[in-house]
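All heavy atoms count here, side chains included; hydrogens, waters and symmetry mates do not.
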Amino acid sequence: MTLEAGDNAPAVTANNQHGETLSPDFEAPTVVYFYPRDDTPGCTVEAKQFDAELESYRDAGATVYGVSTDDVESHEAFAEKFDLGFDLLADPDGEIADAFGVEVENDFTPRTTFVLADGEVEAVYGSVDPDGHAREVLSDMLDDELVVLE
C-alpha cells in the first residue's frame, strides 16, 4: 500500500548515479519521484523539467531525488546525457519502491511523487503527467507553506 500524507517517512539507502551511497534525511523538505525508466520520452521530460526547476527548489530549501529500478550505470549515462544536477537513486531490487509502497511491475515503477518534510509524508501524487509536474509540485509546496522562496 502506497504511503499517504501523515505517514512516517521511510529510512532508505541507495547508490546515486556516481556510485555514492546516500541515506536521505527527510526532515528538510524533499521530493522523491519514482519514474519507470531512464532515457525514455516521458521520463526524460520529467527529469529535464525537475532539473530546470532545480535552482528554485534549492532556493526554497528543498532537495529532489529521482528513483527508478535502473542501475547505477544507467543512471550515470542518463544524468550525463541531460546534465542532470540532482541525485538519481538506483533501486534495481525495488527496495526503495517497497519502502514507499510503490508497486514494481515488470521491473518498472509507475510515476509516483512524494513530498516529505519533518520526517513524514506531506503529499503524494499518483498517475503523474510528466509535463509540468516539477513546477506543479514546487507550486503546491509553496502554497502549502512547506517551503518559501526568498
Side-chain angles (χ1 to χ4, degrees), residues 1-38 42-72 74-76 78-80 82-104 109-150:
M1 186 159 145
T2 303
L3 292 180
E4 298 176 354
D7 288 344
N8 288 331
V12 296
T13 300
N15 290 330
N16 69 4
Q17 67 267 34
H18 308 295
E20 300 164 337
T21 302
L22 303 179
S23 297
D25 171 9
F26 298 127
E27 288 301 315
T30 306
V31 174
V32 176
Y33 81 92
F34 288 85
Y35 63 97
R37 187 64 69 217
D38 287 339
C43 298
T44 299
V45 165
E46 190 173 22
K48 287 171 70 175
Q49 289 186 8
F50 268 110
D51 194 67
E53 298 289 342
L54 193 56
E55 188 173 334
S56 294
Y57 275 97
R58 288 183 174 153
D59 288 348
T63 304
V64 174
Y65 295 99
V67 182
S68 80
T69 56
D70 292 303
D71 61 20
V72 170
S74 178
H75 279 348
E76 181 180 32
F78 184 47
E80 283 183 11
F82 296 105
D83 196 27
L84 301 178
F86 57 92
D87 287 310
L88 299 177
L89 302 180
D91 192 25
D93 298 324
E95 292 175 6
I96 301 171
D98 188 54
F100 278 86
V102 176
E103 199 169 316
V104 178
T109 59
R111 280 182 221 292
T112 311
T113 299
F114 295 85
V115 175
L116 305 110
D118 300 319
E120 68 180 40
V121 177
E122 297 289 339
V124 182
Y125 299 79
S127 303
V128 169
D129 177 352
D131 190 19
H133 182 60
R135 180 159 289 170
E136 172 193 20
V137 172
L138 181 59
S139 177
D140 289 351
M141 291 174 75
L142 290 164
D143 289 348
D144 294 340
E145 298 180 354
L146 283 176
V147 296
V148 178
L149 282 173
E150 298 298 325

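Q49 places no side-chain N or O within donor-acceptor distance of the main-chain N or O of A134, the cut-off being under 3.5 Å. Counting only distance, with no hydrogens or angles, the side chain of D129 and the backbone of D131 share a donor-acceptor pair below 3.5 Å. Of the possible donor and acceptor atoms, one in the side chain of T2 sits under 3.5 Å from a partner among the backbone N and O of G101.
T30 approaches D25 most closely through the heavy-atom pair OG1-O, 3.8 Å. Here the closest non-hydrogen pair linking E46 and T113 is OE2-OG1, 4.3 Å. Nearest heavy atoms, A97 versus V104: CB-CG2, 3.7 Å. Between L84 and A47, the closest heavy-atom pair is CD2-O, 3.8 Å. Contact detail for A117 and P29: the closest heavy-atom pair is CB-CA, 4.1 Å. A pairwise comparison of heavy atoms in P36 and S68 identifies O-CB, 4.2 Å as the closest pair.
Within the 4.5 Å cutoff, the side chain of F86 has heavy atoms near those of the Y33 side chain. Residues M141 and V31 have side chains in contact (heavy-atom distance under 4.5 Å, counting atoms from C-beta outward). Between D144 and E122, every side-chain heavy-atom pair lies at or beyond the 4.5 Å cut-off. With contacts defined as side-chain heavy-atom distances shorter than 4.5 Å, the pair T44/F78 qualifies. Between E53 and V137 the shortest side-chain heavy-atom distance does not fall below 4.5 Å. Counting heavy atoms from C-beta outward, L142 and V147 have side chains that approach closer than 4.5 Å. For the pair D83 and D51, the minimum side-chain heavy-atom distance is 4.5 Å or more. You'll find the side chain of P110 stays beyond 4.5 Å of the side chain of S127, heavy atoms only.
If you run ring pair (Phe, Tyr, Trp, His ring centres under 6.0 Å) between F34 and each of Y125, F100, Y65, only F100 comes through.
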Begin with the C-alpha distance, continue with both residues' side-chain angles, and end with the deciding distance and a verdict on side chain to side chain contact (heavy atoms under 4.5 Å, CB included) for V121 and E4.
CA-CA 6 Å; V121 177; E4 298 176 354; over 6 Å; no
Evaluation steps, side chain to side chain contact (heavy atoms under 4.5 Å, CB included), between Y57 and T63
CA-CA 7 Å; Y57 275 97; T63 304; over 6 Å; no
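Residue E20 places its CD atom among more than 12 non-hydrogen atoms of other residues, nucleotides or ligands, all under 6.0 Å distant.
Defined by atom type and a distance below 3.5 Å, a donor-acceptor pair is missing between the side-chain atoms of D91 and T69. For H75 and N16, the side-chain atoms include no donor-acceptor pair closer than 3.5 Å.
Note that CZ of F114 is 5.5 Å distant from CG of L3, once rounded to the nearest 0.5 Å. A distance of 9.0 Å separates CG in N15 from CG in L89, rounded to the nearest 0.5 Å. The distance from the CD atom of E103 to the OG1 atom of T109 is 11.0 Å, given to the nearest 0.5 Å. Within the model, atoms OH of Y35 and CG of D70 stand 5.5 Å from one another, a figure rounded to the nearest 0.5 Å.
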